[in-house]
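Okay, structure first, notes after.
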2 protein chains.
Amino acid sequence: MADLERSAAKEKFLNFLEQKNLRITNQRRAIVETVFSTDQHFTAEQLLEWSRKRDSSVSRATVYRTLPLLTESGLVHEMDFGKDYKIYDPNYADHPNHNHIICDDCDKIVEFESERLETLENEISQNLGFTVKSQQLRINASCEDMKKLGACNKKGH
Amino acid sequence: MADLERSAAKEKFLNFLEQKNLRITNQRRAIVETVFSTDQHFTAEQLLEWSRKRDSSVSRATVYRTLPLLTESGLVHEMDFGKDYKIYDPNYADHPNHNHIICDDCDKIVEFESERLETLENEISQNLGFTVKSQQLRINASCEDMKKLGACNKKGH
DNA sequence: TTTGCTAATGAGACTCGATCTCAAGTCACA
DNA sequence: TGTGACTTGAGATCGAGTCTCATTAGCAAA
Ligand SMILES: [Mn+2]
Ligand SMILES: [Mn+2]
Ligand SMILES: [Zn+2]
Ligand SMILES: [Zn+2]
């Protein structure tokens, strides 16, 4: 991801705050800069840890308060992979409709986009009398590496 | 759903327990009978409440211990709709690969099956070098009723 | 049946991600 | 600068789910 797009996402979020009459605080700046300086999927706790490197005053509460703003702005996507914590994806500013396939054996996550999938989803929803607001296709699978070697990077194995 | 299929599911689960050298206790019987006497999606807490009507000695611990057995047997499906609790679906004995569309406004859940979706998922996974183990497509949407009347059954609205 | 082994149980402590409370601090605008 | 609403951090609290451990109860062999 180009640095250009990244700082664009940051700008968009600051504008989003302004539009909602929300204040641009040092803590929010630290959090947003953290979010848009990585391509990685992250947890709330990771975001807290990383943000504190930029501004040690960032608290857990502020991270948890800012995350809903980030998802509401559409720049970050909240995901549920069946763990007991949520995972956040900062790549939605640029790729708003991608999905994920997860290797249950090594926790690898691969992103993919599919026009046909989107079309099919809309078709199904329409037939059922719904208007799609969002969708999440989660595929749990076993990756090639696992099949080949029985290798496993998972903690505790 | 026919009572026939229901008691078949119950039998299947008891056989599953036997195969794994697990004991058929009164509590497990109460839980299983509860699960397969409804078509509704339910939470762990609901299952506890309902099971206790059949056997008041059923404990929360036993419900939470039995649920993984039910899902492992393939007769019940565990789902994540982005809430902080899981939802269980007893309709998988008969319809193993259906998906769900949820109305964000009134919490209505509609099930659907799609051959084309399944095919597409397998195709995508194969291209990425994965072997599908399970999938969950969640579509969040707005249902016809909501569009028409602006009605809203949701608690607190 | 009785016995004996072992799995299974209930009560309640505990975990941990997430939310809430509230007094203190700070941003934005005049 | 002053003002007031917005925002903050610390820590209490919540709630779904897990774990512990003393006790109970399947179940198969005798
Ligand atoms: Mn992604
Ligand atoms: Mn279902
Ligand atoms: Zn893998
Ligand atoms: Zn609705």
Side-chain angles (χ1 to χ4, degrees), chain A residues 13-34 41-73 76 78-89 155-156, chain B residues 13-34 41-73 76 78-89 155-156:
Chain A
F13 184 68
L14 297 183
N15 289 338
F16 171 85
L17 289 181
E18 206 171 14
Q19 279 169 27
K20 299 200 65 169
N21 285 323
L22 299 175
R23 294 175 180 168
I24 296 172
T25 62
N26 289 331
Q27 290 86 347
R28 283 179 177 160
R29 251 193 289 267
I31 292 169
V32 173
E33 276 166 17
T34 304
H41 301 160
F42 55 84
T43 65
E45 291 298 320
Q46 282 179 306
L47 180 54
L48 171 63
E49 192 187 324
W50 298 344
S51 298
R52 277 182 164 160
K53 289 182 181 161
R54 290 176 187 259
D55 180 342
S56 62
S57 79
V58 172
S59 71
R60 173 168 290 106
T62 296
V63 166
Y64 277 103
R65 286 174 186 132
T66 305
L67 243 6
L69 296 173
L70 284 160
T71 60
E72 193 190 334
S73 76
V76 169
E78 182 186 277
M79 299 181 301
D80 219 310
F81 289 163
K83 313 280 184 182
D84 60 347
Y85 46 82
K86 295 202 167 74
I87 291 191
Y88 295 88
D89 185 337
K155 322 134 201 166
Chain B
F13 185 68
L14 297 182
N15 289 340
F16 171 84
L17 290 180
E18 205 173 14
Q19 279 171 25
K20 299 199 67 169
N21 285 323
L22 298 176
R23 294 175 182 171
I24 297 173
T25 64
N26 288 331
Q27 291 87 347
R28 281 179 178 162
R29 251 192 288 265
I31 291 169
V32 173
E33 276 165 17
T34 303
H41 302 159
F42 56 84
T43 65
E45 291 298 320
Q46 283 178 307
L47 180 53
L48 172 62
E49 192 187 324
W50 299 343
S51 299
R52 277 182 164 162
K53 289 183 182 161
R54 290 176 187 260
D55 180 342
S56 63
S57 79
V58 172
S59 72
R60 173 167 291 105
T62 296
V63 167
Y64 277 104
R65 286 174 185 132
T66 305
L67 244 5
L69 296 173
L70 284 160
T71 60
E72 193 190 335
S73 75
V76 169
E78 181 186 276
M79 300 181 302
D80 221 311
F81 289 163
K83 312 280 183 183
D84 60 347
Y85 47 83
K86 295 202 166 73
I87 290 191
Y88 295 88
D89 185 339
K155 323 135 204 168

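Quick note: numbers below take in every heavy atom, side chains included, and nothing from hydrogens, waters or symmetry partners. Chain naming here is simple, since letters A, B, ... match the order of the sequence lines and numbering starts at 1 in each. Note that the structure is predicted; figures quoted are calculated from it, not measured.
If you take CZ of A:F81 and P of C:dG17, they are 17 Å apart, rounded to a whole angstrom. Whole-Å rounding puts the A:L17 CG to D:dT7 C1' distance at 12 Å. Counting to the nearest Å, the P atom of C:dT26 and the CZ atom of A:R29 are 14 Å from each other. In this entry the distance linking CZ of A:R28 with P of C:dA28 reads 10 Å, nearest Å. At whole-Å resolution of the value, OH in B:Y88 and P in D:dA16 are 12 Å apart. The CD1-P distance, from B:I87 to D:dA16, rounds to 12 Å in whole Å. Going from atom CG of A:L48 over to atom C1' of C:dC16 covers 14 Å, rounded to whole Å. As rounded to whole Å, 13 Å separates atom C1' of C:dT15 from atom CD of A:E45.
In this structure, B:T25 has no side chain to side chain donor-acceptor pair (under 3.5 Å) partners at least two apart in sequence or on a different chain. Scored by the side chain to side chain donor-acceptor pair (under 3.5 Å) test, B:E49 finds no partners at all (sequence neighbours excluded). In this structure B:Y64 satisfies the ring pair (Phe, Tyr, Trp, His ring centres under 6.0 Å) test with no other residue, sequence neighbours excluded. Not a single side chain to side chain donor-acceptor pair (under 3.5 Å) links B:T71 to another residue, sequence neighbours left out.
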Atom pairs, protein N/O to nucleotides 18-25 of chain D N/O, distance under 3.5 Å:
from: D:dT20; atom 1: O4; to: B:R65; atom 2: NH2; distance (Å): 3.0

Item to complete: Report the C-alpha distance between A:Y88 and A:L47 in whole Å, list the side-chain angles of each, state the deciding distance to 0.1 Å, and finish with yes or no for side-chain contact (heavy atoms from CB on, under 4.5 Å).
Response: CA-CA 9 Å; A:Y88 295 88; A:L47 180 54; over 6 Å; no
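When side chains are defined from C-beta on, A:E72 counts as touching A:F16, because their heavy atoms get closer than 4.5 Å.
When the nucleotides C:dA7, C:dG17, D:dT8 are ranked by their closest atom to the side chain of B:L22, C:dA7 comes out on top.
Map B:V58 and B:N21 each onto its nearest nucleotide of DNA chain C; the residue landing nearer the 5' end is B:N21. Both B:I24 and B:D84 sit near DNA chain D, but only B:D84 has its closest nucleotide nearer the 5' end.
Applying the salt bridge (Lys or Arg N to Asp or Glu O under 4.0 Å) definition to pairs two or more places apart or across chains, those involving residues 50-64 of chain B are B:E33-B:R54, B:E45-B:R60.
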